[in-house]
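Have a look at the structure below before the remarks.
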Amino acid sequence: ADNNEVLHDYGFDVRDYPFFISRYYPADYKAILSTFIILQEYDFNFTKFIKSILEKFIDDNELIIKLLFFLYLLSYDEIGNPKYSNINFSNFLSITGKRLKNLKEILKREKFYLNYYDYFKKYNIYVQKRAWCALRDYFKSPEFSKYFFASLKNEGFNQIETLKNKDLLTQFELPGDVWNNNPKFRKCIFKETHFEEDNMIFGKLLREIYTTYNIQSGYPEQFDVTFDFIQRMCLVNNCSICPYGIIKGKAVEFDKICLIDTSKLCPVAYISCNYKINCQGKNCSLLRLYKEYN
């Protein structure tokens, strides 16, 4: 904990060990059991499992998506939504044993694999919250990525630099979260566009916009601020200081919180998302946008 700024922000003393209180639902028990049963084949080594997938698809132009697919098979495929009364570990063991056999078939037979993958890519890829969030952290988190890459290196994977190629990041999708589909947020940002009445899952819609308009300045996963943003802005009607509200003509008090002081933190990011970043001064793109629309 000594040099971890995130833990410091949460109030952990350097002498503390960080703790996490799990909140398990019946589906979680099933997913955890499935994960352990399959990882038996890899000496209960998660890195060894990841390495086997990376080596199989390292030259594939959908590497990230296929890695996500196998993480999904590892833990979430056909987990369903069992009730508390459905918790039966003997039954769960039987089911997960069959899933292990199925995974082996997918890895072994190309046609079998393609059938599963094509279905996943068409119907399941945009509703994966946990799998996308975990995979994103493995690659991007300042806390986790260094351990992820070091673990792969220790396991003998020698193409770490390939995984650090920024072009790979454009394959990441927006995690399927209820906040990202908040109707007030969607209605605001798509108002007076031809997406205004579109009910497509937000992540899928962002991918369509990104592809259709050949966006170069970002990619869909980077839009994942809504968990922090919507609670502090949309749900409490902070439209008058909203960064998105600038182009909607609603951010009439934006200049009251934008201090333009590079010695300070950015109050806009802090208020809207509780993110601590330094003020960019007159070079701030939000400030330029505000001047353009006001």
Side-chain angles (χ1 to χ4, degrees), residues 64-65 68 121-133 136 140 169-260 265-294:
I64 295 296
I65 302 172
L68 182 95
K121 190 177 177 183
K122 184 175 181 179
Y123 295 105
N124 289 332
I125 194 171
Y126 297 106
V127 293
Q128 299 305 314
K129 175 187 175 182
R130 293 180 177 180
W132 273 127
C133 286
R136 174 191 62 195
K140 295 178 61 178
L169 299 180
T170 63
Q171 295 179 27
F172 280 80
E173 303 292 356
L174 184 75
D177 192 292
V178 292
W179 295 107
N180 292 323
N181 283 290
N182 179 275
K184 183 173 182 178
F185 176 70
R186 287 184 62 139
K187 185 177 180 180
C188 175
I189 64 172
F190 290 134
K191 187 178 181 180
E192 297 176 358
T193 74
H194 61 277
F195 303 109
E196 187 171 1
E197 301 300 326
D198 201 314
N199 293 318
M200 189 184 298
I201 293 173
F202 198 42
K204 188 174 183 179
L205 182 57
L206 282 181
R207 174 58 63 179
E208 186 172 296
I209 293 171
Y210 175 80
T211 304
T212 302
Y213 293 97
N214 192 28
I215 295 173
Q216 300 294 318
S217 58
Y219 47 91
E221 178 270 326
Q222 290 181 303
F223 210 72
D224 192 28
V225 298
T226 51
F227 178 79
D228 299 310
F229 180 85
I230 288 176
Q231 298 181 74
R232 293 173 174 83
M233 302 301 288
C234 303
L235 296 189
V236 291
N237 299 312
N238 264 331
C239 303
S240 66
I241 56 174
C242 173
Y244 291 108
I246 291 174
I247 58 176
K248 303 294 180 181
K250 294 182 177 181
V252 294
E253 295 184 299
F254 182 82
D255 58 348
K256 291 184 179 180
I257 62 168
C258 179
L259 302 178
I260 319 179
L265 294 174
C266 171
V268 179
Y270 192 74
I271 292 171
S272 61
C273 291
N274 196 34
Y275 297 163
K276 295 177 180 178
I277 62 173
N278 293 325
C279 171
Q280 301 298 306
K282 294 181 179 180
N283 294 322
C284 175
S285 55
L286 279 179
L287 186 60
R288 292 198 299 269
L289 194 66
Y290 181 71
K291 289 179 179 178
E292 178 181 343
Y293 282 87
N294 291 271

Side-chain donor or acceptor of Glu208 paired with backbone N/O of Lys204 under 3.5 Å = no
Quick one: CD on Gln128 to CZ on Arg130, what's the gap to the nearest 0.5 Å?
-> 10.5 Å
CZ of Arg232 to CG of Leu235: how many Å apart, nearest 0.5 Å?
-> 11.0 Å
Just say parallel, tilted or perpendicular for the rings of Phe227 and Trp179, cut-offs at 30° and 60°.
-> perpendicular
Can you give me every donor-acceptor pair (side chain of residues 242-258, partner residue at least two apart or in another chain, under 3.5 Å) with its distance?
residue: Lys248; atom: NZ; partner: Cys188; partner atom: O; Å: 3.2
residue: Lys248; atom: NZ; partner: Ile189; partner atom: O; Å: 3.3
residue: Lys248; atom: NZ; partner: Lys191; partner atom: O; Å: 3.2
residue: Glu253; atom: OE1; partner: Ser240; partner atom: OG; Å: 2.9
residue: Glu253; atom: OE2; partner: Lys256; partner atom: NZ; Å: 3.2

Does a side-chain heavy-atom distance below 4.5 Å link Thr226 with Asn182?
-> no
Can you tell me how far the CG atom of Leu287 sits from the CD1 atom of Ile260, to the nearest 0.5 Å?
-> 4.5 Å
Find out whether Leu174 and Arg207 are in side-chain contact, i.e. whether some heavy atom of one side chain is under 4.5 Å from a heavy atom of the other.
-> no
Rounding to 0.5 Å, atoms CD1 (Ile215) and OG1 (Thr170) come to a distance of 12.0 Å
So, does Asn180 use its side chain to make a donor-acceptor pair with the main chain of Gly203 at under 3.5 Å?
-> no
Near Phe190 CZ, under 6.0 Å, is it more than 12 heavy atoms from other residues, nucleotides or ligands?
-> yes
Within-4.5 Å side-chain heavy-atom neighbours: Arg186 and Pro183 | no
Residues in side-chain contact (heavy atoms from CB on, under 4.5 Å) with Lys140, at least two apart?
-> Arg136, Leu169, Tyr219, Glu221, Gln222
Quick one: CG on Asn214 to CD1 on Ile209, what's the gap to the nearest 0.5 Å?
-> 14.0 Å
Under 3.5 Å, side chain of Gln280 to main-chain N/O of Asn278, donor-acceptor pair present?
-> yes
Assign the ring pair Tyr213 / Phe195 to parallel, tilted or perpendicular, where the plane angle (0 to 90°) is split at 30° and 60°.
-> perpendicular
Decide whether Asn237 and Lys184 meet the rule of one side-chain donor and one side-chain acceptor closer than 3.5 Å.
-> yes
dist Glu173:CD -> Ile64:CD1 (nearest 0.5 Å) comes out at 11.0 Å
Which pair of heavy atoms, one from Ile201 and one from Tyr126, lies closest together, and at what distance?
-> CG2-O, 3.9 Å
Under 30°, 30 to 60°, or over 60°: which ring-plane class applies to Trp132 and Phe172, parallel, tilted or perpendicular?
-> tilted
